[in-house]
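Please read the structure below before turning to the comments.
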2 protein chains.
Amino acid sequence: MLSAKMEDYVKTVYELQRGSDGAVSTSAVAERLGVTAPTATSMLETLAERGLVEREKYKGARLTREGETVAIEVIRHHRLLETYLAEQLGYDWTEVHDEADRLEHHISEEFEERVAEKLGEPEVDPHGDPIPTETLDPVDERRGEALSEHGEGDTVVVERVRDRDPEELSYLSEEGITPGTRLVVEEVAPIDMFTVRLPDGETVSLPASVAEVIRVSDPDAAENGEPDGVMG
Amino acid sequence: MLSAKMEDYVKTVYELQRGSDGAVSTSAVAERLGVTAPTATSMLETLAERGLVEREKYKGARLTREGETVAIEVIRHHRLLETYLAEQLGYDWTEVHDEADRLEHHISEEFEERVAEKLGEPEVDPHGDPIPTETLDPVDERRGEALSEHGEGDTVVVERVRDRDPEELSYLSEEGITPGTRLVVEEVAPIDMFTVRLPDGETVSLPASVAEVIRVSDPDAAENGEPDGVMG
DNA sequence: TTTTTAATTTAGATGAGTCTAAACAATCGC
DNA sequence: GCGATTGTTTAGACTCATCTAAATTAAAAA
């Protein structure tokens with residue numbers, strides 16, 4: 001059995017790998033988990049012994065197949081729980097993260113299955129993030145481009161809002177920026193400040209760091225984009 | 001913050017106190033939690049330092065007021081979770097225990113409240129055990145007498161079936177003994193073997209140790225027994 | 001290329017929760 | 001009432017996840 005701590009490290013490596021491809025640095029893991037670098041080093045060593053990551057000294061770590069499987073399972077738990085908390089228990093989607101972060105390590109497979117069934121096998125969580133099954137298709141995980149990649153005049157639809165900081169999420173939610181919202185990029189200031197217009201005409205300004213967190217898609221693109229022509 | 005382990009010890013002391021009044025022995029705690037006696041000694045010492053139990057060397061431990069508050073909170077979590085798993089997620093009442101035992105230490109107050117609300121502030125869990133609010137009335141906690149206290153010819157109604165061993169629970173459930181079942185005590189053999197007759201005419205034999213676990217009441221007694229005449 | 005800086009790892013310590021073996025206290029049987 | 005049995009505590013060690021301080025390596029600057 002894997003400890004909750006280990007699951008957290010594996011999940012973190014997974015998320016950082018997705019962010020910027022390649023190997024993940026010790027300090028990135030440490031920072032993300034709020035521990036010191038030596039702690040991360042030693043945990044990553046343990047993970048390597050268990051065959052969950054591959055490491056080269058001073059270079060960084062990347063998940064093995066097995067590690068990826070674990071990460072995906074944890075992320076599935078997390079996103080199912082978020083969905084459940086929001087849909088069944090009336091949580092606001094901006095406040096589900098912490099609860100899910102704790103519970104994800106303690107629910108059984110039985111629980112996972114029953115929740116998934118009760119929710120009708122959902123494919124995305126309240127943030128718009130895909131809920132993996134056995135294999136989380138990396139393409140799917142990367143779905144949407146960062147809002148920060150867009151320029152003035154672009155019209156986009158919010159696909160996902162990453163759930164890092166609850167305050168950030170709350171703010172965006174209050175301003176009306178949630179999955180499904182249509183945005184027009186009004187202005188991209190040279191200080192990396194984005195101004196977008198909402199359907200109701202209101203405008204919101206965001207620093208690039210926040211615009212990074214908002215993943216959007218072309219409003220004309222097929223919602224459930226089968227990559228290439230398997231007709232349905 | 002109290003660790004999950006500590007919560008487990010406090011809960012265990014509470015449950016053992018309820019069983020047989022007075023101080024709780026180190027070995028009883030150890031056995032219940034599947035640890036060795038020295039481990040229990042040292043944990044109970046820690047609990048005493050934190051003011052959750054009172055101890056006299058070689059005598060045993062009893063909860064302080066504060067310890068009792070903690071125990072009741074944990075038990076509330078446990079029983080709410082059991083109820084939730086059974087009612088909302090379709091678990092059988094014989095299999096809710098383990099899941100609740102893990103999750104009880106990791107849910108927030110927010111979660112507790114939302115679950116309670118969703119369930120309509122239930123007063124008993126699927127085993128028939130009362131779900132405490134802030135204060136678990138000890139009288140209520142002791143509601144029902146042990147089936148083993150009854151003699152031949154007595155007719156009783158099952159109030160609660162304690163959730164110690166899932167196998168035991170499964171067995172009783174299959175035989176038709178669940179909260180609400182009416183039983184007639186057919187025979188009390190001198191080997192401490194109880195035979196009861198169910199409403200459908202079937203009879204079931206049980207050792208006294210199991211009959212202990214089944215709490216029953218007089219079928220004529222008021223269901224929601226207001227102790228003394230507050231008319232409704 | 002050499003030096004400086006930044007990141008990473010090693011070394012050693014700590015606290016929590018557990019264990020085994022041994023010492024000690026309480027109780028039970030005669 | 002005293003020895004034998006049982007239960008409890010002490011002593012000492014171990015693992016896990018963490019820390020700080022120091023050493024080492026890699027990368028960036030000069």
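Because the structure is predicted, anything quoted here is derived from the model rather than measured. All heavy atoms count here, side chains included; hydrogens, waters and symmetry mates do not. Here is how names work: the chains are called A, B, and so on, in the same order as the sequence lines, proteins then strands, and each is numbered from 1.
- For Thr64(A) against Val53(A), the heavy-atom pair with the smallest separation is CG2-C, 3.8 Å.
- A close approach under 4.0 Å does occur between a side-chain nitrogen or oxygen of Thr26(B) and OP1 or OP2 of dT9(D).
- With dC24(C), dT18(D), dT10(C) as the choices, the nucleotide that has an atom nearest any side-chain atom of Lys57(A) turns out to be dT10(C).
- A sub-4.0 Å separation between OP1 or OP2 of dT9(C) and a side-chain N or O of Ser42(A) is absent.
- Side chain of Ala37(A), nearest nucleotide from dA17(D), dT9(C), dT18(C): dT9(C).
- A perpendicular orientation is assigned to the rings of Phe111(B) and Tyr84(B), their planes being inclined by more than 60° (bins at 30° and 60°).
- Neither OP1 nor OP2 of dG17(C) sits under 4.0 Å from any side-chain N or O of Thr39(B).
- A sub-4.0 Å separation between OP1 or OP2 of dT9(D) and a side-chain N or O of Thr41(B) is present.
- Among the nucleotides dT20(C), dT9(C), dG17(C), the one closest to any side-chain atom of Thr36(B) is dT20(C).
- For Asp125(A) and His78(A), the side-chain atoms include no donor-acceptor pair closer than 3.5 Å.
- Residue Tyr9(A) places at least one side-chain N or O closer than 4.0 Å to OP1 or OP2 of dT18(D).
- The residues Lys118(A) and Glu87(B) are annotated as not salt-bridged, no charged nitrogen and carboxylate oxygen being separated by less than 4.0 angstrom.
- Annotation: of the two residues near DNA chain D, Arg50(A) and Lys59(B), the 5′-most nearest-nucleotide partner is Lys59(B).
- Of the candidate nucleotides dT10(C), dA26(C), dT8(C), dT8(C) has the atom nearest to the side chain of Ser25(A).
- The pair Glu110(B)-Arg102(A) does not meet the salt-bridge criterion, since no charged nitrogen lies less than 4.0 angstrom from a carboxylate oxygen.
- With dT10(D), dG7(D), dT20(D) as the choices, the nucleotide that has an atom nearest any side-chain atom of Pro38(A) turns out to be dT20(D).
- Put simply, Arg55(A) has a side-chain N or O that comes within less than 4.0 Å of OP1 or OP2 on dT9(C).
- The phosphate of dT8(D) has OP1 or OP2 within less than 4.0 Å of a side-chain N or O from Ser27(B).
- The distance from atom CD of Glu45(A) to atom C1' of dC16(D) is 14 Å, rounded to the nearest whole Å.
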